[in-house]
Participant: 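The structure that follows is given in the form of structure tokens.
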Amino acid sequence: MGQPSRRTRLATCAVAAGVLLSALVPAAGATAAPAAPRQVAADDPVPGHEGMPDDGFEDAPEGEQDDLTGPDGSASSLAPTAVLPAPVPGRAGDFKLEAGSSLTGLVADLDAALPKQGLTELMEQANRPAGWEGDCGSKSIYGPDLAVNHRICWKDDDATSTEWIPQAITGVSDAQEDEDWGSSNAEPIAVAAYDDANPGRSDLTSGRDNCVQESVSDACNEKGIRVSFFNQATQMYRHVLLVWPYVNSKDHISFDALHAREGKCTSTVTASCAAQQGIHAGGMVWYGNYLYVADTANGMRVFDLRKIMDLNPDNDADVNDPTPDGLVSDVLDKKRVGRQSNVWYSYGYRYVMPQVATLKFTTAKNGGTTKGNECYSTGRPKASYISLDRTDTDHLILGEYCNHKNGGDSTGRVGTYPMTALTAAVEGAAGTAASADLAYGLPAGVSFNGEDLWHKMQGVTRYEGKWYFHRSNASSTGRLLQATPQTVGGTPQLVGNTKVLQSSIGPEDFYVAHGRGDGFAPQLYSLGEHAPTTSCPGCKREMYSYNMSEVIGDFGS
């Protein structure tokens, strides 16, 4: 296996080989090298460059959106709430987003440095087998009220991983009205998972290299978010690591996992120097070429499917591939990321996709912490989950996960954005605004297990005017809820259907496969996040769908 002298050879020869490597014809799917590549710079620190910058995002710890989390983020021992809240008014102005600083130049530099791969080709290179329908076994995580139409389960290591926790789901029905992506018949479904296990990461400068030591786990680093693209035609899937482009301390274009900054503490760890955790990615929408990923405390991060970088074009991990900038890439080392000592790393992933834009809330926070899951009726919302409504004018739906037992005066709010406004903000100058055109507080005042039914929402979608919510329920089956917009006492609000349906254990985000392009019955997709454990032996990670017509019929409308 491998080439024993590989690392030594790269370290001593990468600079000298730059011109020779750049003259080679790229492998299939790679971006052609520039006719006159720039000379590889000496790999020395450059004054004034501090490496991974603070990108201005607020910290959003991974422990959020947990039924069992208390106000400080620790395990909850709170008793059920004794007072059920009233619905809060919707305030669309609180949901306003605007484009952050441009990343165009950084992405262009990264694009020039690394080979690219299209999603169609990536789907052909899908390398991990998924279980389909009966292959997922007889173990059921579903309640008795809804018949599961499709079941998709992960390869064993993904199904049980303590590092990667699946959260968000979207697919080609969101991306394209005709449900076709190029010439492919893959009809991809995409699932985002966040990195929940990075035990060796240090906030102290003296210990920041501990994650590359031989003795530490591959899970040591904060890897942020990865997206798994599932090919429905072959029942295979492939992981793509989402990354943040930046200029490193040696004045080179590079990338890092999705977290707001590296820790720079030299003694005591404080909020001003602590390393920030990754984002939760509780919701995701693929629309056209763009992938919108929810960033709970800040808004949304946006990625471009035309900018998928391929660090192993020849599909042979044992041989380092030349890159258009005259360097090479290494996909065997799972402990390094970005450009280091004139070699490109990616935590072992073949594909990375850099962030191309940021949409940040403009409204100030009302109070509380992200970790505590408390919510408020005014001020900045939390981007806990998102979905797409294609049944009328295309809109992105955004909502909050709230645990009312932990404080706050709201069980949650939802808002809607015209996709035309979001696209204009992504493609516009910094400060370009995207305003919500509608907002509601969630219904309230209905009891469930001794607390309010209408909190702990993990997903939302709107379909033909009706609203649907996924309500988590710890290690028991969650609930599927329906609400209808009505005017009550002169105030527009959502009114919940009194009928409640049992869904899956650990229910998450929603994706509607509308089926209009292929003539299939519309499907309501979601997924379970929990792996089986001693405390939840009945848990399981699956993607699944319900026939939308059955969902509507079971609610009586």
Side-chain angles (χ1 to χ4, degrees), residues 81 83-96 145-146 283 375-379 381-402 404 408-419 421 435-448 451-472 478-503 507 509-510 512 514 522 524 526 546 548-557:
T81 183
V83 179
L84 300 179
V88 302
R91 294 162 39 110
D94 287 345
F95 284 74
K96 184 178 179 181
D145 295 331
L146 292 157
C375 293
Y376 295 85
S377 57
T378 61
K382 298 197 306 181
S384 300
Y385 41 80
I386 57 178
S387 70
L388 187 72
D389 176 11
R390 272 194 177 273
T391 56
D392 195 353
T393 305
D394 295 349
H395 277 76
L396 184 142
I397 316 297
L398 180 150
E400 297 181 295
Y401 176 93
C402 309
H404 191 252
D409 65 357
S410 169
T411 57
R413 296 168 290 168
V414 291
T416 68
Y417 301 87
M419 288 307 305
S435 297
D437 58 3
L438 186 67
Y440 294 110
L442 297 190
V446 180
S447 181
F448 173 74
E451 60 186 44
D452 197 281
L453 172 67
W454 288 90
H455 74 160
K456 298 182 179 177
M457 299 301 165
Q458 301 277 18
V460 65
T461 196
R462 185 176 63 179
Y463 186 80
E464 296 182 346
K466 301 284 188 180
W467 291 70
Y468 297 88
F469 296 86
H470 242 167
R471 203 269 198 196
S472 56
R479 295 298 186 268
L480 181 61
L481 310 178
Q482 185 194 64
T484 305
Q486 296 181 21
T487 299
V488 179
T491 302
Q493 63 185 56
L494 291 176
V495 176
N497 192 321
T498 56
K499 190 164 187 180
V500 175
L501 304 178
Q502 287 193 54
S503 185
D509 195 29
F510 282 133
V512 176
H514 54 70
L524 180 63
S526 190
Y546 304 123
M548 199 71 215
S549 59
E550 181 185 348
V551 172
I552 294 170
D554 284 353
F555 277 116
S557 61

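Source: prediction; values computed, not measured. This chain uses plain numbering: 1 for the first residue, then up along the sequence.
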Participant: Listed by chain and number, what are the side chain to side chain contact (heavy atoms under 4.5 Å, CB included) partners of T484, not counting sequence neighbours?
Facilitator: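 T484 satisfies side chain to side chain contact (heavy atoms under 4.5 Å, CB included) with K466, Q486 only.
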Participant: For the CZ atom of R471 and the OG1 atom of T411, what is their distance to the nearest 0.5 Å?
Facilitator: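 These two atoms lie 10.0 Å from each other.
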Participant: Quick check: do Q502 and R479 have side-chain heavy atoms less than 4.5 Å from each other?
Facilitator: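 They are in side-chain contact.
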Participant: Can you find a heavy atom in the side chain of K456 that is under 4.5 Å from one in the side chain of F448?
Facilitator: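 Answer no - side chains too far apart.
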Participant: Please tabulate, for the side chains in residues 488-498, all donor-acceptor contacts under 3.5 angstrom to protein atoms that are two or more places apart in sequence or on a different chain.
Facilitator:
{"unit_1": "N497", "atom_1": "OD1", "unit_2": "K499", "atom_2": "N", "d": "2.9"}
{"unit_1": "N497", "atom_1": "ND2", "unit_2": "Q482", "atom_2": "OE1", "d": "2.8"}
{"unit_1": "N497", "atom_1": "ND2", "unit_2": "F555", "atom_2": "O", "d": "3.0"}

Participant: For V512, check side chain to side chain contact (heavy atoms under 4.5 Å, CB included) against everything at least two apart and list the hits.
Facilitator: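 Per chain and number, V512 pairs via side chain to side chain contact (heavy atoms under 4.5 Å, CB included) with T461, Y463, L524.
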Participant: Within a strict 4.5 Å, meaning less than it, do heavy atoms of the L481 and M457 side chains meet?
Facilitator: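 SC-SC contact between L481 and M457 confirmed.
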Participant: What residues, two or more places apart in sequence or in another chain, satisfy salt bridge (Lys or Arg N to Asp or Glu O under 4.0 Å) together with R390?
Facilitator: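 R390 satisfies salt bridge (Lys or Arg N to Asp or Glu O under 4.0 Å) with E177, D394 only.
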Participant: Residues two or more places apart in sequence or in another chain: which of them pass side chain to side chain contact (heavy atoms under 4.5 Å, CB included) with A92?
Facilitator: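 By the side chain to side chain contact (heavy atoms under 4.5 Å, CB included) rule, A92 matches A436, A439.
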Participant: Test of understanding: with side-chain hydrogen bond (donor to acceptor under 3.5 Å, both in side chains), list the residues that count as partners of D554, not counting sequence neighbours.
Facilitator: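 Scan of D554 (side-chain hydrogen bond (donor to acceptor under 3.5 Å, both in side chains), adjacent residues dropped) gives none.
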Participant: Please identify each residue that fulfils side-chain hydrogen bond (donor to acceptor under 3.5 Å, both in side chains) with T391, with sequence neighbours left out.
Facilitator: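 For T391, the residues satisfying side-chain hydrogen bond (donor to acceptor under 3.5 Å, both in side chains) (neighbours in sequence not counted) are D389.
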Participant: Atom NE2 in H455, atom OG in S410: separation rounded to 0.5 Å?
Facilitator: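 With rounding to 0.5 Å, NE2 (H455) is 11.5 Å from OG (S410).
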Participant: With sequence neighbours excluded, tell me which residues meet ring-ring contact (aromatic ring centres under 6.0 Å, His included) with F510.
Facilitator: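 So F510 forms a ring-ring contact (aromatic ring centres under 6.0 Å, His included) with H470.
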Participant: How far does OG of S447 sit from CG of L453, to the nearest 0.5 angstrom?
Facilitator: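 If I round to the nearest 0.5 Å, the distance is 8.5 Å.
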Participant: With a 4.5 Å heavy-atom cut-off, do T416 and H395 have their side chains touching?
Facilitator: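 Yes, at least one pair of side-chain atoms sits under 4.5 Å.
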Participant: F95: which residues meet the ring-ring contact (aromatic ring centres under 6.0 Å, His included) condition with it, sequence neighbours left out?
Facilitator: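 Testing F95 for ring-ring contact (aromatic ring centres under 6.0 Å, His included), a comparison that skips the adjacent residues, returns none.
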Participant: Compare every heavy atom of G478 with every heavy atom of P507, then report the nearest pair and how far apart it is.
Facilitator: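 The answer is CG-CA, 3.9 Å.
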Participant: How long is the straight-line distance from CG of L398 back to OG of S387, given to the nearest 0.5 Å?
Facilitator: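 Between S387 OG and L398 CG, I get 9.0 Å after rounding to 0.5 Å.
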Participant: Considering only residues two or more places apart or on different chains, which pairs with a residue in residues 85-94 satisfy salt bridge (Lys or Arg N to Asp or Glu O under 4.0 Å)?
Facilitator: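 Passing the test, one end in residues 85-94: R91-D94, D94-R413.
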Participant: So do the side chains of Y546 and S503 get within less than 4.5 Å of each other, counting heavy atoms only?
Facilitator: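 Y546 vs S503: side chains touch.
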Participant: Run the ring-ring contact (aromatic ring centres under 6.0 Å, His included) test against Y401 and tell me which residues pass, sequence neighbours left out.
Facilitator: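 By the ring-ring contact (aromatic ring centres under 6.0 Å, His included) rule, Y401 matches no residue at all.
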Participant: Do you know the tightest heavy-atom contact between D452 and W454?
Facilitator: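 Reported closest heavy-atom pair: OD1-N, 2.6 Å.
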Participant: Is a side-chain N or O of S526 found less than 3.5 angstrom from the main chain of D509, in a donor-acceptor match?
Facilitator: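 Confirmed, S526 side chain pairs with D509 backbone.
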Participant: Just to verify, what does C402 make a side chain to side chain contact (heavy atoms under 4.5 Å, CB included) with, not counting sequence neighbours?
Facilitator: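 C375, E400.
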Participant: Please find the pair of heavy atoms, one from A86 and one from A444, that lie closest to each other, and give the distance.
Facilitator: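 Heavy-atom minimum between the residues: C-CB, 3.8 Å.
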